[in-house]
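Written below as structure tokens is the structure these notes are about.
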Amino acid sequence: MTQENSTLIIKDAETYFVVPISRPDFGSSGKTGSWRTERPVVNEEKCTKCLYCWLYCPEDTILRREDDMVYVDYDYCKGCGICAAVCPVNAIEMVPEVKRGEN
Amino acid sequence: MPVRLADFPRVRYGMPGNAACPGCPETMGLRYVKMALGDDVVLVIPAGCSSVIQGYTPKSGINFPILNIVFASAASAASGMQAAFESQGKDTTVIVWAGDGGTGDIGFQAMSGAAERNDNIMYICADNEAYMNTGIQRSSLTPYGAWTTTTWTGKKEHKKNIPMIMIAHEVPYVATATVGYPQDFIDKLRKAAKIKGFKYIHLLAPDPVGWKFDPSLTAKLGQLAVQTGLFPLYEYENGKLTVSVFSRLYRKPEKRVPIIEYIKVQGRYAQLMKDPEKIKGLEEEIERQWKWIDILEKSSNPSSVAQQIIKENK
Ligand SMILES: Cc1ncc(C[n+]2csc(CCOP(=O)(O)OP(=O)(O)O)c2C)c(N)n1
Ligand code: SF4
Ligand code: SF4
Ligand code: SF4
């Protein structure tokens, strides 16, 4: 097959088939923080930086500062409460969201 | 090598804003695959929750290149993809990431074929013990006594033991893991990725929706499954079975956490809670698991045992 031929075939394919390719990106289902009914709040006084919450958070919405102090990405945290449940020193409290859409 | 958390770079391994339910074990598991193996990985995903977790095109909520494919073809497609990479001189890790239905029922023949050919792929079964994506129907991996929409009064049959079936294929590596012990899972992924041939990892994935528990308990239930002895963690490598560190204590029945602690927080076992006689059925599952482990550990090399038997019969 010549180069020209293969280009033609590909061009034809492009004309007739639209191949949908999705690429990894934040928010493929929107700002999932709005799903939350309770928000995790980190008590920095109590936190020992063990990183368990960071390890277990399914959404990757526990973030680490330079010194490994943890904080929450409220745009996408779904409020499951796993971070609070696995914290060995109860440094994360689940606080009811006051009003929807306030974050 | 034990995994140290602070050694992991501060990068986003998961993909926030995906379509998974809060507390989803599959997003947890996929994040650990990224932490363990990095970027040179392609996933092959048959239908299941992980097809949906990706969310809406043009974005994807899973942080890997993915080939979405039909149930019957996942393992064979992965074998072909791996061969294509190899012919290009690339050693990209190709992983089938499938549910328990996709593994133990509908995709079983393709997986068994790839294992028999010893194709150089990794197969991970994210076992949430039912067909969750279509609304919680029983699979052959749903455990005894569990409610699903097709087992209203609790499943009457026992859970199919897929890891042991894969050991019987005599592939180079078989392991069990759970999202309750991510360090153990990450260790096993890294080990498996270095081995050439067919690798199988069975990942127990407690599911807050299908098992009816509070989503904050996903990790805890993964740990309880191990601590009750119901889901032993082990590795099978080159004909040798080893019980993993997190499970060693619980091989002695008297050290195990009572099974009631595991079932009382799961709505799917409400029937068992009403009828303590039936709890015996789950206790039998624990015994069966450990019986197989004992047998394999003792013989250490089942193929040599098989050869021995053949010799004796001649
Ligand atoms: C051949 C075929 N049969 C049935 C279906 C419908 N279907 C889509 S996802 C799914 C459930 C998959 O369950 P499992 O493999 O356990 O994965 P989970 O959703 O639990 O992650 C089913 C039955 C299908 N897509 N193709
Ligand atoms: S509540 Fe759940 S999603 Fe939110 S930070 Fe904690 S573990 Fe992550
Ligand atoms: S689990 Fe608790 S102590 Fe450990 S890093 Fe998170 S908040 Fe801090
Ligand atoms: S049903 Fe279970 S496995 Fe499926 S997305 Fe929801 S939590 Fe995850």
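Lettering of chains follows the sequences in order, A, B, ..., and the numbering in each one begins at 1.
In this structure, CG in A/Asp25 is found 12.0 Å from CG in B/Asn18, a value given to the nearest 0.5 Å. Considering OG1 of B/Thr57 and CZ of A/Arg23, their distance stands at 10.0 Å, rounded to 0.5 Å. For the atom pair OG (A/Ser22) and CD (B/Gln54), the distance works out to 7.5 Å, reported to the nearest 0.5 Å.
Options B/Gly55, B/Pro182, B/Cys21, B/Cys24 differ in how many heavy-atom pairs under 4.5 Å they form with chain A, and the most are formed by B/Pro182. Between chain A and the options B/Met15, B/Arg31, B/Met28, B/Glu26, the largest number of non-hydrogen pairs under 4.5 Å is found for B/Arg31. Among the candidates B/Pro65, B/Pro25, B/Pro58, B/Gly29, the residue making the largest number of heavy-atom pairs closer than 4.5 Å to chain A is B/Pro58.
For A/Cys83, no part lies near chain B; criterion is any non-hydrogen pair under 4.5 Å. Looking at B/Leu5, both its backbone and its side chain come within 4.5 Å of chain A, counting heavy atoms on both sides. Residue contact with chain A, scored on non-hydrogen atoms closer than 4.5 Å, involves the side chain of B/Tyr32 exclusively. Looking at A/Cys50, the atoms closer than 4.5 Å to chain B (heavy atoms on both sides) all sit in the backbone: N, CA, C or O.
The backbone N or O of B/Gly17 lies less than 3.5 Å from no partner atom in the side chain of A/Lys31, so there is not a single donor-acceptor pair.
For residues 220-235 of chain B, a heavy-atom distance under 4.5 Å to chain A picks out B/Gln223, given by residue number.
Partners of B/Lys255 under the side-chain contact (heavy atoms from CB on, under 4.5 Å) rule, at least two apart in sequence or in another chain, are B/Leu249, B/Lys252.
Between A/Trp54 and B/Phe8, the ring-plane angle classifies as tilted under the 30° and 60° cut-offs.
Annotation: salt bridge (Lys or Arg N to Asp or Glu O under 4.0 Å) contacts involving residues 40-58 of chain A, sequence neighbours excluded, comprise A/Glu44-A/Arg65, A/Lys49-A/Asp67. Residues in residues 77-87 of chain A take part in these salt bridge (Lys or Arg N to Asp or Glu O under 4.0 Å) pairs, two or more places apart or across chains: A/Glu59-A/Lys78.
B/Arg10 has its side chain within reach of A/Asp68: a pair of non-hydrogen atoms, C-beta onward, lies under 4.5 Å apart. Taking the side chain as every heavy atom from C-beta outward, B/Arg12 and A/Asp73 approach each other to under 4.5 Å.
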